[in-house]
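Note on naming: letters A, B, ... go to the chains in the order of the sequence lines (proteins, then strands), and numbering restarts at 1 for each one. Side chains included, hydrogens not; waters and symmetry mates left out as well; all remaining heavy atoms used. Since this is a predicted model, take the numbers as computed values, not measurements.
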Amino acid sequence: MRLSQAFQPTLKEVPAEAQIMSHRLMLRAGLIRQTASGIYTWLPAGLRVLRNIAQIVREEQDGVGAQEVLMPTLQSAELWKRSGRYDAYGPEMLRIQDRQKRELLYGPTNEEVVTDLFGSTVKSYRELPKTLYHIQWKFRDEIRPRFGVMRGREFYMKDAYSFDASYEGAVSSYYRMMLSYLRIFRRLGIKAVPTAADTGPIGGDLSHEFQVLAPTGESEVFYDSRWDEIDWDKEDLDGNRPEDLKKLQDLVSTTYSATDEKHDTAAWEQVPQERQASGRGIEVGHIFYFGTKYTEAMGVEVSGADGAAFHPHMGSYGVGVSRLVGAIIEASHDDNGIIWPESIAPYRAAILNLRSGDDTCDALCERFYQCAPDDILYDDRSERAGVKFNDADLLGHPWQIIIGPRGAKNGMVELKERATGERFELSVDEALKKLGLA
RNA sequence: CGGGGCGUGGCGCAGCCUGGUAGCGCGCUUGUUUUGGGUACAAGAGGCCCCCGGUUCGAGUCCGGGCGCCCCGACCA
């Protein structure tokens, strides 16, 4: 994309409403604009990030056998009356009427819709297990939206729902999802630690939150530093092998992690001193098993091997995709702006033409730009060098390709790595090679 | 929902107490200048002062009502 053509408004001054860093940076970098309290328009660069995150989530969900569907944002109140939640759910559920005075709601979650879908389709235990997910906008009418996209009212979320014939099967589905989540966060380039969470009325130990470690997190997280060390991509765990899931389960139960409210000092002291780590956490995912709560309430049954009908066991698994954008920025920025992990950056690199209009500079910039016009943001504006440096740092592209008259006449360019600030004086060919464009 | 604050060109703010010509910085436009970390000068454009009502000769300013937004607290992916 050529910046001169792009809808990419950056701001020098921060709008007064933004308090925390990620929110300020998102507004300044032109990723989002607020439309109403807790409701945002995603501008092109922000949307690219959102999509990149969603794509990684999608690939890793597919990778453990979950299947993608797309359920609606508007749901019939009828369904929620069947589950009993229409009355149980508080005022954070947005209720609407259509012209026929039918009651609708803007979905805050999708257990009802998916359970109904499943129940009307699956009739035999032979078809189990099944896990369905979708990535869709949700709405929760938060009492007090804040922190920009981190606690908006409208948010983009991946939610998955598993159906199993038995408790044991459901536990497998649960840990299969956990594996998928650990891989997702790894690929997103962030440290995320699963912490045991309250399971509500169901009980048991089958609920975990995933905390992204960032200084501004809302809760204190204590964890065994082994969580940092395990590379879930390389770890040879197959979500389809029960023994591998058992291995993960053992690992989780023996590797300490907890938020402050569930912190267990006695267990903590068992963790070797050198592995005791702590930090602030932002909750970006939550998984839990809730058994037959909805299948029972909504009368969903399938036939078992013995011919008798039973209620499948369910679990649900959320990832706050839009929240992750904010959380990742909280975890990865400096005074000059955002530092995107390569996997989700809106553009892999920016080309900074330090003298637009100069034939040598222009030609050299074009040469780089044409290698990957979709992945590169080419700053071809007739702005001062300083403006371009500042905007590029603010936008946080992993790489800056700096092309000015000084080096250009000798066929040299400068690469700057945003994360480290490291600069490389390279020939054109070397630079192309280093960026993987050659 | 309880407590607090704010609404004035695109953004950040002053003006309101004590009513009388709507201001500043940034951004924007044009020209000159500058050219490796937000350049300088000059000339411009741009405002139902959130909305409705009231008081007054006269309201951005005072009074009443409404709407919107933000912050602190209890709640949440």
Listed partners of [X] passing ring pair (Phe, Tyr, Trp, His ring centres under 6.0 Å), at least two apart:
| X | result |
| --- | --- |
| A/Tyr161 | none |
| A/Tyr223 | none |
| A/Phe389 | none |
| A/Phe155 | none |

Sequence neighbours left out, cut at 3.5 Å: what donor-acceptor pairs do the side chains of residues 411-419 of chain A make with other protein atoms?
from     : atom 1 : to       : atom 2 : distance (Å)
A/Glu414 : OE2    : A/Arg423 : NH1    : 2.4
A/Lys416 : NZ     : A/Asp393 : OD1    : 3.0
A/Lys416 : NZ     : A/Asp393 : OD2    : 3.4
A/Glu417 : OE1    : A/Thr420 : OG1    : 3.3
A/Arg418 : NE     : A/Ile338 : O      : 3.4
A/Arg418 : NE     : A/Asp393 : O      : 3.0
A/Arg418 : NH1    : A/Asp334 : OD2    : 2.8
A/Arg418 : NH2    : A/Asp334 : OD1    : 2.8
A/Arg418 : NH2    : A/Gly337 : O      : 3.4
A/Arg418 : NH2    : A/Ile338 : O      : 3.4
A/Arg418 : NH2    : A/Asp393 : O      : 3.1

Same-atom distance ([atom1]) from [N] to [M], integer angstrom:
| N | M | atom1 | value |
| --- | --- | --- | --- |
| B/A74 | B/G66 | P | 28 Å |
| B/G12 | B/C17 | P | 25 Å |
| B/U34 | B/A40 | C1' | 8 Å |
| B/G15 | B/G7 | P | 10 Å |
| B/U56 | B/C41 | C1' | 47 Å |
| B/G44 | B/C62 | C1' | 37 Å |
| B/C69 | B/G53 | C1' | 23 Å |
| B/G73 | B/G37 | C1' | 43 Å |

B/C72 phosphate, OP1 or OP2, under 4.0 Å from A/Gln19 side-chain N/O:
no
Examine B/A77: is either OP1 or OP2 under 4.0 Å from a nitrogen or oxygen in the side chain of A/Ser322? Give yes or no.
no
Side chain to side chain contact (heavy atoms under 4.5 Å, CB included) for A/Val321 and A/Met157? Distances and angles first, verdict last.
CA-CA 5 Å; A/Val321 176; A/Met157 180 180 171; 5.8 Å; no
Give me each pair satisfying salt bridge (charged side-chain N to carboxylate O under 4.0 Å, His left out) with a member in residues 23-47 of chain A, each pair once, sequence neighbours excluded.
none
Give every residue pair that meets the salt bridge (charged side-chain N to carboxylate O under 4.0 Å, His left out) criterion with at least one member in residues 82-95 of chain A, sequence neighbours excluded.
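Found A/Arg82-A/Asp116, A/Arg85-A/Glu111, A/Arg85-A/Glu112.
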Please determine which of A/Tyr106, A/Tyr89, A/Tyr86 meets the ring-ring contact (aromatic ring centres under 6.0 Å, His included) test together with A/Trp80.
A/Tyr89
Quick one: look up who [N] pairs with, Watson-Crick or G-U, both distances under 3.5 Å, and put none if it's unpaired.
| N | value |
| --- | --- |
| B/C1 | B/G73 |
| B/G46 | none |
| B/C67 | B/G7 |
| B/U56 | none |
| B/U18 | none |
| B/A40 | B/U32 |

Between the protein and nucleotides 2-8 of chain B, list every N/O to N/O distance that falls short of 3.5 Å.
none

For A/Val321 and for A/His23, find the nucleotide of RNA chain B with the closest heavy atom, then tell me which residue's nucleotide is more 5'.
A/His23
The residue, A/Arg140 or A/Ala36, whose nearest nucleotide of RNA chain B is more 5′ is A/Ala36
Round to the nearest Å and state the distance from [X] atom [atom1] to [N] atom [atom2].
| X | N | atom1 | atom2 | result |
| --- | --- | --- | --- | --- |
| A/Phe288 | B/C76 | CZ | P | 12 Å |
| A/Leu394 | B/G37 | CG | C1' | 14 Å |
| A/Leu3 | B/G38 | CG | C1' | 15 Å |
| A/Lys388 | B/U39 | NZ | C1' | 15 Å |
| A/Leu11 | B/G25 | CG | P | 19 Å |
| A/Glu218 | B/C75 | CD | P | 12 Å |
| A/Arg24 | B/C71 | CZ | P | 11 Å |
| A/Glu17 | B/G10 | CD | P | 15 Å |

Any luck finding a side-chain donor-acceptor pair between [X] and [Y] under 3.5 Å?
| X | Y | result |
| --- | --- | --- |
| A/Tyr317 | A/Ser162 | yes |
| A/Lys388 | A/Ser356 | yes |
| A/Thr259 | A/Thr195 | no |

Is [X] touching bases, backbone alone, or none of the nucleic acid, heavy atoms closer than 4.0 Å?
| X | result |
| --- | --- |
| A/Arg28 | base |
| A/Gly152 | base |
| A/Val14 | sugar-phosphate |

Could you pull out all residues at least two apart from A/Gln136 that satisfy side-chain hydrogen bond (donor to acceptor under 3.5 Å, both in side chains)?
none
Residue [X], side-chain heavy atoms: nucleotide from [options] that is nearest:
| X | options | answer |
| --- | --- | --- |
| A/Glu13 | B/C26, B/A74, B/C69 | B/C26 |
| A/Lys416 | B/G37, B/G38, B/C1 | B/G37 |
| A/Arg146 | B/C70, B/C72, B/A77 | B/C72 |

In residues 334-352 of chain A, which ones come under 4.0 Å of RNA chain B, going by heavy atoms?
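Per residue number, the list is empty: none.
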Let me have a per-nucleotide readout for nucleotides 27-36 of chain B, 5' to 3', with B, S or -, counting only protein heavy atoms under 4.0 Å.
S------BSB
List the residues meeting side-chain contact (heavy atoms from CB on, under 4.5 Å) with A/Arg355, not counting sequence neighbours, and say none if there are none.
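For A/Arg355 the side-chain contact (heavy atoms from CB on, under 4.5 Å) partners, ignoring immediate neighbours, are A/Asp358, A/Cys361, A/Pro405.
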Evaluation steps, side chain to side chain contact (heavy atoms under 4.5 Å, CB included), between A/Ile56 and A/Ser343:
CA-CA 9 Å; A/Ile56 287 174; A/Ser343 57; 3.9 Å; yes
